[in-house]
Amino acid sequence: MAKPKIAIIISSTRQTRFGDKPAQWIFDIASKRSDMDVELIDLRDYPMPFFDEVASNAWAPTQNEVAKRWQKKIAEFDGYIFITAEYNRGVTGVLKNALDYAYVEWNKKVAAYVGYGSVGGARAVESLRLISVELQMHPTRTGVHIQGADFMAVWQQGKKLTELEHLQPNVAAMLDELVWWTNAVNTARKADNAKPS
Ligand SMILES: Cc1cc2nc3c(=O)[nH]c(=O)nc-3n(C[C@H](O)[C@H](O)[C@H](O)COP(=O)(O)O)c2cc1C
């Protein structure tokens, strides 16, 4: 079985963002594993306007060129790890916009979540789980939450995420679930594709 291709998507784009730190941390851990291939995806490379199409691409082809490039990129992957900031108890606007700018590319894929903030991005992650379901993605049970004193220590006191050893079991569990579900979903997708139309 081919190794699943996993995108690690950074949810914020502001110049002083924290998002690079957890994205790089998860990338370093995941890229050492032999059961998945990972790539970092930066929404800064896909500066899309606020959604301005006649419909979702479930119903009508997208016109915007950057959005078409975004959809093509997303289509390459079997699963996604969303590195999730929490803005006013929800997902960042830029991530929601990027999610809305694709549909078929997300379908029958797997999603995992790394949240950060005062409550570990928990409210943004929970919202993102529901959004994922609507986009026909399968969410992993386990997420990783960098919260409270841990978040403050890394954000403002120079602590490294690699020093937060108590988060390691959750990272491993989340990546294990991501691989298991991605392999299962890939098998099912292949069987679907092999059916006569
Ligand atoms: C517009 C805005 C709203 C925020 N709202 C929340 C929030 O609801 N909950 C929370 O824990 N942190 C909140 N924060 C603080 C963020 O957790 C913190 O700034 C974090 O670094 C944001 O991610 P980023 O640096 O990758 O953009 C907010 C920050 C911004 C800029």
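Whatever order the structure lists them in is the order used to number ligands and atoms, beginning at 1.
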Exercise. Show the numbers, then the answer: is there a side-chain contact (heavy atoms from CB on, under 4.5 Å) between Tyr113 and Ser132?
Key: CA-CA 11 Å; Tyr113 313 91; Ser132 304; 2.7 Å; yes
Self-check item: Nearest non-hydrogen protein atom, atom 8 (O) of ligand 1
Solution: Arg89 N, 2.7 Å
Practice problem: Look at atom 22 (C) of ligand 1 and find which of Phe18, Trp155, Tyr87 reaches it with the closest heavy atom. | Solution: Tyr87
Practice problem: With heavy atoms only and a cut-off of under 4.0 Å, state how Ser118 meets ligand 1: side chain, backbone, both or neither. | Solution: both
Quiz item: Which ligand 1 atoms does Arg123 reach within 4.0 Å, using its non-hydrogen atoms?
Solution: 9 (N)
Self-check item: Protein contact of atom 23 (O) of ligand 1 - nearest heavy atom, named by residue and atom, plus distance
Solution: Tyr116 CE1, 3.2 Å
Practice problem: Identify, by atom number and element, the atoms of ligand 1 in contact range of Gly19, meaning under 4.0 Å from any of its heavy atoms. | Solution: 26 (O)
Quiz item: Is any NZ, NE, NH1 or NH2 atom of the basic residue among Asp78 and Lys5 found under 4.0 Å from an Asp or Glu carboxylate oxygen of the other?
Solution: no
Quiz prompt | Where ligand 1 meets Asn88 - atom numbers and elements under 4.0 angstrom, heavy-atom basis | solution = 3 (C), 4 (C), 5 (N), 6 (C), 7 (C), 8 (O)
Self-check item: Presence of salt bridge, Asp100 and Lys96, under 4.0 angstrom
Solution: yes
Quiz item: How about Glu86 and Val91: do any of their side-chain heavy atoms sit closer than 4.5 Å?
Solution: no
Quiz item: Between Ile81 and Met174, is any pair of side-chain heavy atoms under 4.5 Å apart?
Solution: yes
Quiz item: For atom 13 (C) of ligand 1, which candidate among Gln15, Gln147, Glu86, Arg14 holds the nearest heavy atom?
Solution: Glu86
Quiz item: Shortest non-hydrogen contact from Trp106 to Met137?
Solution: O-CG, 3.1 Å
Quiz prompt | Distance from atom 18 (C) of ligand 1 to nearest protein heavy atom, with residue and atom | solution = Phe151 CZ, 4.0 Å
Quiz item: When you measure from atom 17 (O) of ligand 1 to every protein heavy atom, which one gives the shortest distance, and what is it?
Solution: Gly117 CA, 3.7 Å
Quiz item: Is the closest side-chain donor-acceptor distance between Ser118 and Gln147 under 3.5 Å?
Solution: no
